[in-house]
A.B. asks: 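Could you have a look at this structure, given as structure tokens, before my questions?
These numbers come from a predicted model, not from an experiment. One-based numbering, in listed order, for ligands and for the atoms of each.
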Amino acid sequence: MKIQVPEAAGRIIEQLNTHGFEAYVVGGCVRDSLLFRTPEDWDITTSAKPEQVKEIFSRTVDTGIQHGTVTVLMDGGTYEVTTYRIDGEYEDGRHPKSVEFTGNLTEDLKRRDFTINAMAYSDREGLVDAFHGRQDLEEKIIRCVGNAKDRFMEDALRILRAIRFSAQLGFEIEEETKMAIRGIAPNMAKVSKERIQVELNKLLLSDHPQRIRAVYDNGIAPYISEHFHAAGRRMGETGTLKLLPAQKHMRWSGFLRYEKPEEAVLILRDLKMDNETISHVKTLVTLWKQEIPADKPVIRKVMSGLSPELFKDLLCFKKVFCRESCQETLKQVERYAEEIIKDGDCIRLKDMAVSGRELIEAGRKPGPGIGAVLDVLFEEVLKNPECNKREYLMNLAEKL
Ligand code: ATP
Ligand code: MG
């Protein structure tokens, strides 16, 4: 059993060993390597205490020293090195009251959430798999380390993590673990919305975004938020979500496409989503049901209200969710949109041949009236791009 550990991570392990400490790569990177997936990051677990880690490496950052984590900078990469630890009692289903360092790797692996996340590896020792993670990987099973109910009571976020991993990996949740999820679901109310958002994002961006249903089917949704729960009743077909590009705003819009735009916004606000994503979702949820005829003036008008990227996203979205009978029109709309861009048709107010300042210079009174005139001119230009000439527009403005 050999895992290709990045050179820098291997050197960190070796140096810790040289100083008499144990060290392994651990958790997600071991799981992903065994699945031939590319790990996002390589975490290292060690018997060395944080102070000792800091003495050994010249460049370190105190990332979470109270939890035993020091970030080591090596070869331009960063590696989180965490001391073996036993998590103390969880006070409130959120934070362990205390963490206790230990010299025993198995104790550290025991505190981890799922068997597939509880394996360690080093070139020296090979795979350390005290909880049969490898077998569960082969059988495609998500199973808690130890008693599932206890583990979810310690930290209810693990409930969502179980569903998120099942969506990322296409695994099933083992029966006892599933029962425990249903039983402990109410504890999700104690988990911070930010942490919940991270998990829901990963779930929706995964290869199996339709598993968002499991959040509802297992009775978790009411404890995420009232608005989120209500969305379950209007959720459309979820099998098509994976046809959308794996981008946050696209997958969330797909999931919330039957919501009223204001409802979608409330759901995302509850989850402390960033404003840019909220704004894009609101736009897509508002616009996707509106028909765009294969008519250049209308297409220009739609384009004028959106960034080029978001207009593309809208067409992509409509392709995935609109009826078969609309698809021909959509293709024509796409071709027209390409022409509009290629021909350089004016679709932005700022690209119009006449500006507010010029109207004022020509003698028009400054004030809100200017905006109204510009709007009329712009409508004209959207209808007919040849009209985007200074003289023509100035003439037209005089008549208004
Ligand atoms: P990802 O691909 O999302 O990074 P990961 O498995 O690396 O997946 P992280 O959140 O980065 O997940 O956590 C790293 C490791 O820490 C996990 O593999 C697991 O062993 C442990 N872990 C993380 N969160 C928890 C938790 N809430 N409870 C118990 N163990 C956890
Ligand atoms: Mg990770």
A.B. asks: Can you run down the ring pair (Phe, Tyr, Trp, His ring centres under 6.0 Å) pairs that involve residues 257-277, sequence neighbours left out, and say none if there aren't any?
C.D. replies: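 Pairs touching residues 257-277 that pass the test: Tyr258-Trp288.
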A.B. asks: Donor-acceptor check, side chain of Glu199 to backbone of Ile196, threshold 3.5 angstrom: yes or no?
C.D. replies: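 It does not hold such a pair.
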A.B. asks: Using a threshold of 4.0 angstrom between heavy atoms of the protein and any atom of ligand 1, which residues qualify?
C.D. replies: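 Within 4.0 Å of ligand 1, protein side: Gly27, Gly28, Arg31, Asp43, Arg111, Arg112, Asp113, Asn117, Asp155, Arg158, Arg161, Arg164, Phe165, Lys202.
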A.B. asks: Can you tell me which residue pairs pass the ring pair (Phe, Tyr, Trp, His ring centres under 6.0 Å) test with a partner in residues 188-223, sequence neighbours excluded?
C.D. replies: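 Only Tyr216-Phe228 qualify under ring pair (Phe, Tyr, Trp, His ring centres under 6.0 Å).
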A.B. asks: Could you please spell out the steps behind the salt bridge (charged side-chain N to carboxylate O under 4.0 Å, His left out) verdict for Asp87 and Arg85?
C.D. replies: CA-CA 6 Å; Asp87 290 347; Arg85 66 177 213 224; 2.8 Å; yes
A.B. asks: side-chain contact (heavy atoms from CB on, under 4.5 Å) with Asp43: which residues, sequence neighbours excluded?
C.D. replies: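 For Asp43, the residues satisfying side-chain contact (heavy atoms from CB on, under 4.5 Å) (neighbours in sequence not counted) are Val26, Asp41, Glu80.
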A.B. asks: Please check if the number of heavy atoms outside Lys140 that lie under 6.0 Å from its NZ is greater than 12.
C.D. replies: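 No, because the 6.0 Å sphere around NZ of Lys140 holds 12 heavy atoms or fewer from other groups.
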